[in-house]
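Okay, structure first, notes after.
Atoms within each ligand, like the ligands themselves, are counted from 1 in listed order. Any value given below was found using the heavy atoms of this structure, including those in side chains, with hydrogens, waters and symmetry copies removed.
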Amino acid sequence: MLLRGLSRLLRDRRAAGPGPRWASGIAAIREQTLVAVKPDGVQRRLVGEIIQRFERRGFQLVGLKLVQAPHDVLSAHYHDLEEKPFYPALIEYMSSGPIVAMVWEGHDVVRVSRVMVGSTSPAHALPGTLRGDLCVHISRNAVHASDSVEVAKKEISLWFHHSELVEWQCCAHSNLYKV
Ligand code: IDP
Ligand code: MG
């Protein structure tokens with residue numbers, strides 16, 4: 001009986017593959033998203049405030065860089081909006097200065113980041129959201145966050161080489177999660 005149980009456990013473990021270093025429950029809270037401080041946010045010295053919101057919420061920073069976005073990255077990033085009348089102005093805006101690109105990790109981080117960022121138009125964004133607190137117009141909304149898990153994966157690989165992402169163990173983990 002005991003032997004049968006042990007061999008089932010071993011078989012299940014093998015089927016699950018090597019997996020992450022941590023317990024399998026932790027793998028479920030390692031969702032990632034791309035957040036970027038747009039050129040207006042960098043110019044207005046909002047980088048620290050935006051990072052602080054994500055840190056204080058409890059998410060974990062795993063990638064960070066200041067970049068002048070290359071045109072091919074921007075056109076891939078916004079290819080869904082190519083037909084929109086504001087597209088040329090959007091590309092010009094996003095090319096107008098450096099961007100701080102980040103990857104944040106944590107439970108449900110894609111959905112929660114969108115809530116934290118607020119509506120696309122700051123005029124409709126609720127107080128307490130980044131756009132609702134820091135911006136006034138849709139043409140200058142200071143921050144980007146991926147809108148789905150699928151899109152987040154694509155955007156992270158567009159903006160970051162995998163060697164630029166750092167896997168690190170957070171010492172506050174047990175105060176943020178019980179999994
Ligand atoms: P999101 O950033 O909230 O996901 P999207 O609809 O994906 O919004 O649009 C991408 C970006 O394009 C917006 O964040 C904003 O910078 C810009 N944008 C969207 N709609 C307008 C508009 O009507 N006028 C000007 N810029 C716009
Ligand atoms: Mg979007």
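Among all non-hydrogen protein atoms, the one lying nearest atom 20 (N) of ligand 1 is Phe86 CZ, 3.2 Å. What sits closest to atom 3 (O) of ligand 1 on the protein, heavy atoms only, is Thr120 OG1, 2.5 Å. Atom 10 (C) of ligand 1 has its closest protein heavy atom at Leu81 CD1, 3.5 Å. Regarding atom 17 (C) of ligand 1, its nearest protein heavy-atom neighbour is Leu90 CD1, 3.7 Å. For atom 13 (C) of ligand 1, the closest heavy atom belonging to the protein is Asn141 ND2, 3.5 Å.
By the criterion of side-chain heavy atoms lying less than 4.5 angstrom apart, applied directly or through intervening Ile, Leu, Val, Met, Phe, Trp or Tyr residues, Val47 is grouped together with Val35 in one hydrophobic cluster. Following chains of ILVMFWY side-chain contacts shorter than 4.5 Å, one can reach Trp159 starting from Val62, so the two form part of one hydrophobic cluster.
Per-residue contacts place Lys38 under 4.0 angstrom from the following atoms of ligand 1 (heavy atoms of the residue considered): 13 (C), 14 (O), 15 (C), 16 (O). For ligand 1, the atoms closer than 4.0 angstrom to any heavy atom of Tyr78 are 10 (C).
One option in Val151, Val143, Ile138 has a heavy atom closer to atom 24 (N) of ligand 1 than any other, and that option is Ile138.
Among the atoms of Arg114, some N or O lies under 3.5 angstrom from an N or O of ligand 1.
In this pair, His144 and Tyr78 present their aromatic rings perpendicular. The plane angle is above 60°, beyond the 30 to 60° band.
Stacking of Lys65 on the aromatic ring of Phe160 is recorded, both the 6.0 Å distance cut-off and the 45° axial limit being met.
Although no hydrogens or angles enter the test, the distance criterion places no donor-acceptor pair under 3.5 Å between the side chain of Thr129 and the main chain of Ala125.
Residue contacts with ligand 1 include Arg131, since one of its heavy atoms falls under 4.0 Å from the ligand.
When each of Trp168, Trp104, Phe54 is checked for a side chain to side chain contact (heavy atoms under 4.5 Å, CB included) with Gln60, only Trp168 meets the rule.
With sequence neighbours left out, the salt bridge (Lys or Arg N to Asp or Glu O under 4.0 Å) criterion links Glu92 to no other residue.
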